Amino acid sequence: MIDDTEPGSALRYPRGSLVLLAGLPGAGKSTLLNRLYGLTGEETAPVLAGDVRIIDSRQSRNWWARFLRPLPVRLRTPLVHVTHVWRIGRAVLAGHGVVAHTRGTWPHILYCFAWLARRRGGRLHLILIDVDPATARAGQFARGRAVTGATFARHCRRWVPLIERARGGALPPAAGVTVLDREAADRLRAIRFG
């Protein structure tokens with residue numbers, strides 16, 4: 001739920017929630033986490049913010065980089081992804097509130113996370129950053145790390161029905177969904193729990 005009583009805006013969730021920040025590659029997910037939680041992009045492990053774990057996929061990528069740098073990206077990516085998903089699952093099972101970066105376009109991952117959150121008495125919530133594909137593509141080049149054209153097209157095909165369902169008011173298995181355009185994401189000042 002959006003709390004407009006504070007300067008800027010804040011999103012509030014029950015304690016112990018899993019909040020997934022999703023969007024196309026380049027939409028601004030990591031940028032938002034950097035701004036809200038002071039991340040630098042150099043972290044190799046989840047970051048503690050009070051009793052909440054902040055988990056960005058870059059943390060797993062950075063951790064693996066020292067071991068896998070000689071391998072092509074295509075071979076590194078599955079290990080990074082599995083590590084990222086494992087870190088989110090581990091934090092949820094430990095009963096922590098979690099804010100995590102995800103692409104959000106793989107339904108089986110969302111259902112798995114929702115199931116894990118319910119096991120610990122929490123719920124899955126989604127924050128979707130919805131930007132047009134051209135803006136997302138420009139964001140990839142601006143950060144100096146672009147996915148292939150084929151990979152990006154696949155994400156776009158999966159994103160369109162996801163965002164349409166979210167704008168319709170519900171996106172199972174999430175208990176709640178908030179859609180932000182880039183301007184609204186820039187105005188967001190906090191994600192609070194409790």
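For clarity, every value in this text was computed on a predicted model and none was experimentally measured.
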Roughly how far apart are [X] [atom1] and [Y] [atom2], rounded to 0.5 Å?
| X | Y | atom1 | atom2 | answer |
| --- | --- | --- | --- | --- |
| Leu124 | Tyr111 | CG | OH | 10.5 Å |
| Leu171 | Thr178 | CG | OG1 | 11.0 Å |
| Leu128 | Asp181 | CG | CG | 12.0 Å |

Contact check, side chains of [X] and [Y], non-hydrogen atoms, under 4.5 Å:
| X | Y | value |
| --- | --- | --- |
| Ile191 | Ile127 | yes |
| Glu43 | Ile54 | no |
| Val47 | Tyr37 | no |

What class does the angle between the rings of Tyr13 and His125 fall in, given that below 30° is parallel, 30 to 60° is tilted and above 60° is perpendicular?
tilted
Using the rule that two of Ile, Leu, Val, Met, Phe, Trp, Tyr join whenever any of their side-chain heavy atoms come within less than 4.5 Å, decide whether [X] and [Y] are in one cluster.
| X | Y | result |
| --- | --- | --- |
| Ile55 | Leu79 | no |
| Val85 | Trp115 | yes |
| Phe67 | Leu75 | yes |
| Leu110 | Leu93 | yes |
| Leu48 | Trp86 | no |

Enclosure of [X] [atom1] (heavy-atom neighbours >12, cutoff 6.0 Å):
| X | atom1 | value |
| --- | --- | --- |
| Arg143 | CZ | yes |
| Arg74 | CZ | no |
| Arg90 | CZ | no |

Any idea which heavy atoms bring [X] and [Y] closest together, and the distance?
| X | Y | result |
| --- | --- | --- |
| Leu24 | Val131 | CD1-O, 4.0 Å |
| Phe113 | Gly89 | CE2-N, 4.1 Å |
| Gly41 | Asn62 | O-ND2, 2.7 Å |
| Val80 | Ser57 | CG1-O, 4.1 Å |
| Pro133 | Phe152 | O-CZ, 3.4 Å |
| Ala166 | Val179 | CB-CG2, 3.9 Å |

Have a look at Arg167 and tell me which of Leu162, Val177, Asp130 forms a side-chain contact (heavy atoms from CB on, under 4.5 Å) with it.
Asp130
Counting N and O atoms only, with roles assigned by atom type, does the side chain of [X] sit under 3.5 Å from a partner on the main chain of [Y], one being a donor and the other an acceptor?
| X | Y | result |
| --- | --- | --- |
| Arg53 | Val98 | no |
| Arg182 | Ala27 | yes |
| Asp56 | His101 | no |
| Asp51 | Gly97 | no |
| His84 | Ala100 | no |
| Lys29 | Ile129 | no |
| Arg189 | Asp186 | yes |
| Arg76 | Leu71 | yes |

State which residues pass salt bridge (charged side-chain N to carboxylate O under 4.0 Å, His left out) with Arg35; sequence neighbours excluded, sorted by chain then number.
none
Scan side-chain atoms only and decide if Trp63 and Thr83 contain a donor-acceptor pair under the 3.5 Å cut-off.
no
Take Asp132 and Arg137, measure what side-chain contact (heavy atoms from CB on, under 4.5 Å) needs, and give me the verdict at the end.
CA-CA 9 Å; Asp132 65 86; Arg137 197 66 167 152; over 6 Å; no
Yes or no on side-chain contact (heavy atoms from CB on, under 4.5 Å) for Leu11 and Val19, after CA distance, side-chain angles and deciding distance?
CA-CA 10 Å; Leu11 292 170; Val19 178; over 6 Å; no
